A.B. asks: 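Structure below; questions to follow.
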Amino acid sequence: MGKQFGAKRLKRHKTPDKFERSAVARNRKRVKHEVTRSTSPTLPAELSGEDSSGGAYEEMSYKEPTMYDKLLTKLRSSNKSVADAYQRRQVAEDDETDGTESFSVSEQENSDEETDNDSLGIQEPDMVGTEEQTEDAETEDNLEASDTDQDDDLSVCGPSAVASSSFSKHVEYNLSKTEAEDLSKKKWKYTWEVSAADVSNCKWVGTGECFLKDADRNSNYGLKQKLYKHWLDVYKTSGGNDFHSSRQRWFFSLCNSYRDILHSEKKPFYHKGLEEDSNIMDAYLMHSLNHIFRTSDLVRKNDAKISKHQESTKEEILPGVSFLDQGFTRPKVLILLPLRSTALRVIERLIQLTPATSKVNVEYIDRFYQDFGSEEVEGDEEVEEHLKNAKPQKPPKPSDHQSLFKGDTRDDFMIGIKFTRKTIKLYGDFYSSDIIVASPLELMTKFGKAAKNKESDTDYLSSIEVVIIDHADVISLQNWSFLTSVVEHLNHIPSKQHGTNVMRIRQWYLDGFARFYRQTIILGYYLNPDMNALFNHQCVNYQGKVKSVCEHNGVLPKVLSQVRQIYERFDADSIAEVDDARLEYFAKKVFPKIKDSEQGGIMLFASSYFEFVRLRNFLKSQNASFCLLGDYTDQRDISRARVWFFERKRKIMLYTERIHFYRRYKIRGIRNLIIYSLPERKEFYPEIVNMLEGSDDVACTVLFSLFDKLRLERIVGSAPAKRMIKSEKGVFVFC
């Protein structure tokens, strides 16, 4: 639950019988005219023009109640103070349009030392609808202000310094209804590109104007001063000597632009990419801390100004839209991860990157290590002796598998993290947390409970402003539809009030435009159509988009045996028809060749579980001799199937990419490999092909279509893939 602050407790007034709708509409219209006169950052070129002119706002007057008006009307019967608070806000906005002086967020950030809240006796106002009260110690910490350092904010886009931070410019912008409608149906055009300095075959492309220019080495790169100093110390302690040119500094500047980001070529820590993965993780964690700290600082400074205003005028009315600084609920950052072990890694680093003055105490750290596991303890002589005397184990799994699945591999977790002046509180109530770290599976469980129980809800996702999806490639091998559902549940109008101070909610929250301000950062090892669809349709940040694009060399040289790999292309008119076309081609062109063959050792490899089910049903209909190694096959059935296949008691084995990802089996007895669909993970291709036994009478057939371009590029290389898709020929051979 978000905390609200003020010098005096707001009085509870009697609730009027009805909202004066006409007055509300007039007040909102006048406020809109006032807002259009304020300076705000411009949208990308695609959205500029007549839509952002003064005339556009004339058409935006609210003749009907907004979504939040309807919510307040619904809540009025159960909580009368809500309607009263809303009415007082309308009066405040009306007074402002009559000439009340207001300040912008950037002016507040650059205010003098008078914003130091340590000297102010700020008290918490009555929390209407609050479900539970926090501990006194937490409240005391919250009421104390953070450091009052002065930030030297500089945009990475231009050579000259800018007075306001990227944060303030982003949240200050007032999106019009016309612009919001355009964003919902917009097809983005990538107008610029910049080479990736550290990778020769990759580049960054983006919409709007290019902002990736040299930043001033003497600036804080948009970070708060104390965050910048601490990060610099951590960087130097780890052996770094040129922070300005470092990968983490560069990627932080990318995050600090508040654009949606798709980085689909991030080499993960478990695949010989520990340094690269750690640098990018540091960048997005510092961006998250910067966003949280700036948000809380803005609220505290406004609390101080409101307190002084009330002392001088003896009025409780909030003077101006510049004091609209909050959302419906407190959580602002959501980090989605696939496994508890990855969450452990991220949260440990988050704590390390938090300045010492802000982490004098880390609450519930012991419970955290119990729930998420801890790093191996070095020097445990008993464990080392046990390992020496242990019986020889089975051949080890590949190093990337061992690294990824080291530690707690459960995928059901969710933890709230709350920052106060000197304390980091783990396991905070979700409504009072600043950052939520969770798996898509656990959030789906929460959605299910909320749907069954009216008393529970997931409104803590209503005011998320930064979403980070790390290791999206691993999530895609769990259940991508869960992730899609989580994103769809973000930034909805809440079903309850949750102690919200109506008079402090930003206008774009009330207008239902929060998703257009939400920044989504998607990080993964590879790109697939699902990630593309999420980025293109669910990420609609008004600032624009940036994504990585790479050329691939392929992995064919990693195939050790001299196997003829025959690629056969089939035609499909659309992506909706590709699955039917693939099965039809297999049934007519491939299966007849193996149906009557007496030779066994035929492996059918399918990338997705959906394809696995279709193939299983088809083989059953043909009375084929086959066994299964699927996603949900029992361990005893797996062992039995492997023996049957090796002893030729079953001619065909059906095998999926997902079970290979989790188990990495070495299947014996393969003589004929048919890759029904190419694997998403490029390293799986040589692993599977290298399972073929013998040098004679072995074969490998691969089916592909135009819609498999992304996977094809990663395996055969970008240039050959383009030729194979465009060529008039339909069969290609690699040796």
Side-chain angles (χ1 to χ4, degrees), residues 1-2 4 19 21 24-25 27-28 31-32 60 62-90 93 127-131 171 173-177 179-181 183-184 295 321 324-334 430-433 436 443 446-451 453-467 484-520 538-542:
M1 64 191 76
Q4 315 299 332
F19 283 116
R21 295 293 184 181
V24 170
N27 291 340
R28 283 185 174 274
V31 170
K32 285 291 181 180
M60 284 181 54
Y62 287 79
K63 298 181 180 180
E64 297 182 359
T66 65
M67 288 184 287
Y68 201 66
D69 289 335
K70 297 175 182 178
L71 174 64
L72 292 174
T73 302
K74 179 180 177 181
L75 294 174
R76 185 174 54 182
S77 60
S78 60
N79 198 327
K80 295 182 178 182
S81 297
V82 176
D84 181 57
Y86 184 76
Q87 185 183 41
R88 285 187 284 114
R89 170 169 174 164
Q90 300 310 314
E93 291 176 346
M127 303 297 291
V128 182
T130 301
E131 296 180 358
V171 299
Y173 186 78
N174 296 288
L175 195 67
S176 71
K177 184 177 180 181
E179 291 169 337
E181 291 174 349
L183 285 169
S184 299
T295 299
V321 296
L324 307 183
D325 52 14
Q326 299 173 19
F328 297 119
T329 54
R330 177 167 176 164
K332 292 294 178 286
V333 177
L334 174 65
F430 295 132
Y431 285 99
S432 63
S433 297
I436 295 176
L443 281 170
K446 298 292 186 184
F447 298 154
K449 291 180 179 178
N453 185 1
K454 294 182 179 180
E455 296 299 322
S456 62
D457 58 70
T458 56
D459 290 343
Y460 43 76
L461 300 178
S462 63
S463 303
I464 296 295
E465 295 175 354
V466 178
V467 178
T484 303
S485 297
V486 169
V487 176
E488 290 174 350
H489 275 79
L490 299 177
N491 303 121
H492 288 187
I493 300 292
S495 59
K496 302 174 184 176
Q497 189 203 359
H498 302 292
T500 306
N501 186 341
V502 178
M503 301 181 75
R504 299 281 291 273
I505 299 176
R506 295 185 188 278
Q507 187 62 45
W508 42 267
Y509 273 111
L510 302 181
D511 292 338
F513 293 164
R515 68 191 186 102
F516 301 118
Y517 288 78
R518 185 189 72 229
Q519 180 187 33
T520 307
Q538 297 293 334
C539 302
V540 288
N541 190 329
Y542 80 87

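Atom set for the values below is all heavy atoms of this structure, side chains included, hydrogens, waters and symmetry mates excluded. This is a predicted model, so every value here is computed, not measured.
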A.B. asks: Side chains of Leu183 and Leu175: closer than 4.5 Å at any heavy-atom pair?
C.D. replies: yes
A.B. asks: Go through the side-chain N and O atoms of Arg515 and Ser184 and say whether any donor and acceptor fall under 3.5 Å apart.
C.D. replies: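 Side chains of Arg515 and Ser184: pair found under 3.5 Å.
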A.B. asks: To the nearest 0.5 Å, what is the distance between OH on Tyr460 and CG on Leu334?
C.D. replies: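 It is 10.0 Å, given to the nearest 0.5 Å.
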A.B. asks: For Lys177 and Phe513, work out which heavy atoms get closest and say how close.
C.D. replies: CA-CZ, 3.9 Å
A.B. asks: Does a side-chain heavy-atom distance below 4.5 Å link His489 with Val486?
C.D. replies: no
A.B. asks: Kindly say whether Thr329 contributes a backbone atom to a donor-acceptor pair with the side chain of Asp459 at under 3.5 angstrom?
C.D. replies: no
A.B. asks: Answer whether the closest heavy-atom distance between the side chains of Pro331 and Ile464 falls below 4.5 Å.
C.D. replies: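 Touching, per the 4.5 Å side-chain cut-off.
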A.B. asks: Could you check if a side-chain atom of Ser463 sits within less than 4.5 angstrom of a side-chain atom of Arg330, using non-hydrogen atoms only?
C.D. replies: no
A.B. asks: Passes side chain to side chain contact (heavy atoms under 4.5 Å, CB included), Asn491 versus Phe516? Steps please.
C.D. replies: CA-CA 9 Å; Asn491 303 121; Phe516 301 118; over 6 Å; no
A.B. asks: So, Thr520 and Asn541: side-chain donor and acceptor under 3.5 Å apart, yes or no?
C.D. replies: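 Checked: Thr520/Asn541 side chains show no N/O donor-acceptor pair below 3.5 Å.
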A.B. asks: What is the minimum heavy-atom distance between Tyr509 and Ser462, and which atoms define it?
C.D. replies: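 Between these two residues, the closest heavy atoms are CE2-O, 3.9 Å.
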A.B. asks: Taking Arg504 for the side chain and Asp325 for the main chain, is one N or O donor matched with an acceptor at less than 3.5 Å?
C.D. replies: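 No: the side chain of Arg504 does not pair with the backbone of Asp325.
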A.B. asks: Closest heavy-atom contact between Val467 and Arg518?
C.D. replies: CG2-CD, 3.6 Å
A.B. asks: Using a 3.5 Å distance criterion without hydrogens, assess whether the side chain of Lys496 forms a donor-acceptor pair with backbone atoms of Glu455.
C.D. replies: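 Yes, the answer is positive, given that a donor and an acceptor are paired below the 3.5 Å cut-off.
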A.B. asks: Would you say the side chain of Ile505 lies within less than 4.5 Å of the side chain of Phe328, judging by non-hydrogen atoms?
C.D. replies: yes
A.B. asks: State, with a plain yes or no, whether a side-chain heavy atom of Glu179 is found less than 4.5 Å away from one of Tyr173.
C.D. replies: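 Heavy-atom side-chain distance check passes, below 4.5 Å.
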A.B. asks: For Val171 and Trp508, run side chain to side chain contact (heavy atoms under 4.5 Å, CB included): C-alpha distance rounded to whole Å, both residues' side-chain angles, the deciding distance at 0.1 Å, then the answer.
C.D. replies: CA-CA 9 Å; Val171 299; Trp508 42 267; 4.2 Å; yes
